[in-house]
Protein chains: 2
Amino acid sequence: MARYEIFVTYKTGIFDPPGATAERALANLGHEGVESVRIGKYIQLAGDVSFEAVTEMCEKLLANPVIEDFRIETVEE
Amino acid sequence: MARYEIFVTYKTGIFDPPGATAERALANLGHEGVESVRIGKYIQLAGDVSFEAVTEMCEKLLANPVIEDFRIETVEE
């Protein structure tokens, strides 16, 4: 069985509402040194599937290619 | 300025609704080899903040310690 880690992030220039909210909330909590927070998805996928199949899953379902980039890493057992 | 990557995942045994939905949707799309999908958060944080401060941010705001684990990595420039 293969294991993959997928990192989905907003493309540069796309507004990230959860990240912006976290920035404000952290400032309110007193963490004034924080300059930027971007919140994406961290997906752990396991199964009898190839890297190419996982790429297709990202393009079709797990990420939104219009506004998001994704990166896939194979996890060594 | 320091850069950190934070990985927030559901604790083992905690039900992951987005992950379960993705599993079903991928099966419906014909990806029948997929055994499990877990969807967490991938947070990129930058600023003049220490590792200890980022740990506190995770405990207080970025993760929910009741149901989630988090891992912080320092990004080398």
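Every chain is numbered from 1, with letters handed out A, B, ... down the list of sequences. Reckoned from all heavy atoms, side chains included, excluding hydrogens, waters and symmetry mates.
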Chain A heavy atoms under 4.5 Å from [X]: which part of the residue, side chain, backbone, both or neither?
X       : value
B/Leu61 : side chain
B/Leu62 : side chain
B/Leu45 : both

>> If you count every heavy atom of other residues, nucleotides or ligands that lies below 6.0 Å from B/Lys11 atom NZ, does the total exceed 12?
In response: yes
>> Taking atom CD as the centre, does A/Glu32 end up with more than 12 heavy-atom neighbours from other residues, nucleotides or ligands that are less than 6.0 angstrom away?
In response: no
> For the atom pair OG (A/Ser36) and CE (B/Met1), what is the distance rounded to the nearest 0.5 Å?
Replying inline: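 The distance works out to 7.0 Å.
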> Atom CZ in A/Arg38, atom CD1 in B/Ile43: separation rounded to 0.5 Å?
Replying inline: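 A/Arg38 CZ to B/Ile43 CD1: 13.0 Å, rounded to 0.5 Å.
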Are [X] and [Y] in one and the same hydrophobic cluster, where Ile, Leu, Val, Met, Phe, Trp and Tyr link if side-chain heavy atoms are under 4.5 Å apart?
X       : Y       : value
A/Phe7  : B/Tyr4  : no
B/Val75 : B/Val49 : no
A/Ile6  : B/Leu29 : yes
A/Phe51 : A/Val8  : yes

>> Among B/Gly40, B/Pro18, B/Gly47, which residue has the highest count of heavy-atom pairs closer than 4.5 Å to chain A?
In response: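 Answer, by heavy-atom pair count under 4.5 Å with chain A: B/Gly40.
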>> Any heavy-atom pair between the side chains of A/Met57 and B/Val34 that's under 4.5 Å?
In response: yes
> Heavy atoms, side chains only, cut-off 4.5 Å: are B/Thr9 and A/Gln44 in contact?
Replying inline: yes
>> Between B/Glu5 and A/Tyr42, is the side-chain contact (heavy atoms from CB on, under 4.5 Å) condition met? List the steps.
In response: CA-CA 11 Å; B/Glu5 290 183 326; A/Tyr42 170 57; over 6 Å; no
> Which region of A/Ile39, side chain (C-beta onward) or backbone (N, CA, C, O), has a non-hydrogen atom less than 4.5 Å from a non-hydrogen atom of chain B, or is it both or neither?
Replying inline: both
>> I'd like to know whether A/Lys41 forms a side-chain contact (heavy atoms from CB on, under 4.5 Å) with B/Lys41, so could you lay out the CA-CA distance, the side-chain angles of the two residues, the decisive distance to 0.1 Å, and finally the verdict.
In response: CA-CA 4 Å; A/Lys41 277 182 285 186; B/Lys41 278 181 283 186; over 6 Å; no
